[in-house]
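Scroll down for the structure; my scribbles are underneath it.
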Amino acid sequence: MRTPFLALISGALASVLFTGVAHAAPPSYSPVLTKNPVYKTGALELKECDEQPVQSGDLDGARVYLEFLMDCLNDSWSRQLAKKNIPFSKPGFEVIAKPGARTSCGRFPQGAQAIYCTKNRKITFLLDEAILAEPFELFLMEVLAHEYGHHIQQLTGMLRIVDNVKGKSKARLYDESRRVELQAECLSGAFIGSVWHSLGRREFDFRYIVKVAENGYDFRSHGKAKNIAWWLKRGFDAESPSACNTWAAPKSRVS
């Protein structure tokens, strides 16, 4: 999830009139989205990331876990973007314990676990009771790597194109939202896959988060549960952003 996506859905979408029927021809997208240099950077090179120990209900431990994980993500993606001379900068990062906290993109939304704010390029992560109940599962890593995926979309110019809502129909806005979110899911999987063998985890641990995604809810803005799971696994298997070009994917994979 990212913002100003939330404002876009609640505000811009509400003001766009959806007229006519869907066109038979597939939508066309900017080359920044379909042919971005990041797709040609190869496999992620960072192969080791030390997970910090964390116990159930331990907010401070989970915060430290995420901070160490941020170091891995910064290291991995800075190397990756350097391959194509794409300027890199680290995202901001903060942890909150309750929803509703103020961010540069408004109040932290109900129902979100984490958000990426494009205004100040900052990730805000909610460490609530639900995720702290099972902090040893891969959810902490998967969610943070997903939001970091939005930062990569920002650095590579993709979000600048998507956030320009002028002249776009309601259907187009939802389509682009799904492609953004599913791509971030794939980038998350690519990072996890690249460091997987250093984590010392069972194969079940990754299969579990894929199964949870697969059995989750369908969201018009984020895609069907089966597609969320599919893109997560696709990135994991490829360990590369080359697998994450949702802008060239058929409609069935981004619905």
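Side-chain atoms are counted along with the backbone in the values below, which use heavy atoms only and exclude waters and symmetry mates.
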Out of the candidates H151, H150, E147, only one should pair with Y116 under the side chain to side chain donor-acceptor pair (under 3.5 Å) rule; please name it. H151

Does a donor on one side chain sit under 3.5 Å from an acceptor on the other, for Y148 and N74? yes

Do D128 and Q113 have side-chain atoms, one donor and one acceptor, less than 3.5 Å apart? yes

Looking at C244, is its backbone amide N or carbonyl O close enough to the side chain of Q183 to form a donor-acceptor pair, meaning the two atoms are under 3.5 Å apart? yes

Criterion side-chain contact (heavy atoms from CB on, under 4.5 Å) on L182 and L232, from CA distance to verdict: CA-CA 8 Å; L182 292 169; L232 176 61; over 6 Å; no

Keeping K224 on the side-chain end and D218 on the backbone end, is there a donor-acceptor pair under 3.5 Å? no

Do the side chains of N227 and V254 get nearer than 4.5 Å, heavy atoms only? no

Using side-chain heavy atoms (C-beta onward) and a distance below 4.5 Å, is V195 in contact with C72? no

Checking side-chain polar atoms at under 3.5 Å, does Q80 have a donor or acceptor matched by the opposite partner on E45? no

Looking at every non-hydrogen atom in both residues, tell me the closest pair between A238 and A243 and how far apart they are. CB-CB, 3.5 Å

Which residue pairs satisfy the side-chain hydrogen bond (donor to acceptor under 3.5 Å, both in side chains) criterion with at least one member in residues 240-249, sequence neighbours excluded? Y39-N245, S240-S242

Students often mix this up, so state it plainly: with edges at 30° and 60°, are the rings of W196 and F206 parallel, tilted or perpendicular? perpendicular

Side-chain H-bond candidate by donor/acceptor type, R179 with Y29, under 3.5 Å: yes

Starting at CZ of R160, measure out to CE of M158 and round the result to the nearest 0.5 Å. 11.5 Å

With a 4.5 Å cut-off on side-chain heavy atoms, are Y208 and V210 touching? no

Student check: side-chain heavy atoms of L66 and L127 closer than 4.5 Å: yes

Identify whether the distance between the nearest side-chain nitrogen and carboxylate oxygen of K211 and E214 falls below 4.0 Å. yes

Which residues pass the salt bridge (Lys or Arg N to Asp or Glu O under 4.0 Å) test with D71, not counting sequence neighbours? none

Spacing of L144 atom CG and E67 atom CD [to the nearest 0.5 Å]: 10.5 Å

Cut-off 3.5 Å, side chains only: do Y65 and E51 have a donor facing an acceptor? yes

Would a distance-only check, ignoring hydrogens and angles, find a side-chain to backbone donor-acceptor pair under 3.5 Å from S177 to L173? no

Aromatic ring proximity W77/F191, centre distance under 6.0 Å: no

Between I209 and F139, is any pair of side-chain heavy atoms under 4.5 Å apart? yes

Main chain of V180, side chain of Q153: is a donor-acceptor contact present, judged purely on distance under 3.5 Å? yes

What distance do I228 atom CD1 and S188 atom OG have between them, rounded to the nearest 0.5 Å? 12.0 Å

Between S198 and C49, which heavy-atom pair has the shortest distance, and what is it? OG-N, 3.0 Å

Short side-chain to backbone donor-acceptor contact, D205 and R201, under 3.5 Å: no

Provide the closest heavy-atom pair for Q55 versus P135 in the form atom of the first, atom of the second, distance. O-CG, 3.4 Å

If only atom types and distance count, is the side chain of K168 paired as donor or acceptor with the main-chain N or O of N164 below 3.5 Å? yes

For the NZ atom on K40, are there more than 12 heavy atoms of other groups (residues, nucleotides or ligands in this structure) within a distance under 6.0 Å? no

On a heavy-atom basis, the closest approach of I86 and V38 is CD1-N, 4.2 Å

With a 4.5 Å limit on heavy-atom distance, are the side chains of P109 and I115 in contact? yes

Working for side-chain contact (heavy atoms from CB on, under 4.5 Å), residues H146 and L187: CA-CA 7 Å; H146 174 106; L187 295 174; over 6 Å; no

Are side-chain heavy atoms of L126 and P99 found at a separation under 4.5 Å? yes

Note: A62 and V54 closest approach over all heavy atoms is N-CG2, 3.5 Å

Does the structure place the NZ or CZ of R253 under 6.0 Å from the centre of the six-membered ring of W231, at an angle of no more than 45° from the ring's axis? no

Could you go step by step and tell me if L44 and R79 meet the side-chain contact (heavy atoms from CB on, under 4.5 Å) rule? CA-CA 8 Å; L44 292 167; R79 297 185 194 187; over 6 Å; no

Do T103 and K122 touch side chain to side chain, with heavy atoms closer than 4.5 Å? no

Straight-line distance of L138 CG to R207 CZ, nearest 0.5 Å: 12.0 Å

Identify whether the distance between the nearest side-chain nitrogen and carboxylate oxygen of K47 and E239 falls below 4.0 Å. yes

So D58 and L132, side-chain contact (heavy atoms from CB on, under 4.5 Å) or not? Walk me through it. CA-CA 7 Å; D58 184 3; L132 288 177; over 6 Å; no

Heavy-atom count around F68 CZ within 6.0 Å, excluding the residue itself: above 12? no

Testing the basics here: between T118 and C105, what is the closest heavy-atom pair and its distance to 0.1 Å? N-SG, 4.1 Å

Distance-only side-chain donor-acceptor flag, H222 / E185, under 3.5 Å: no

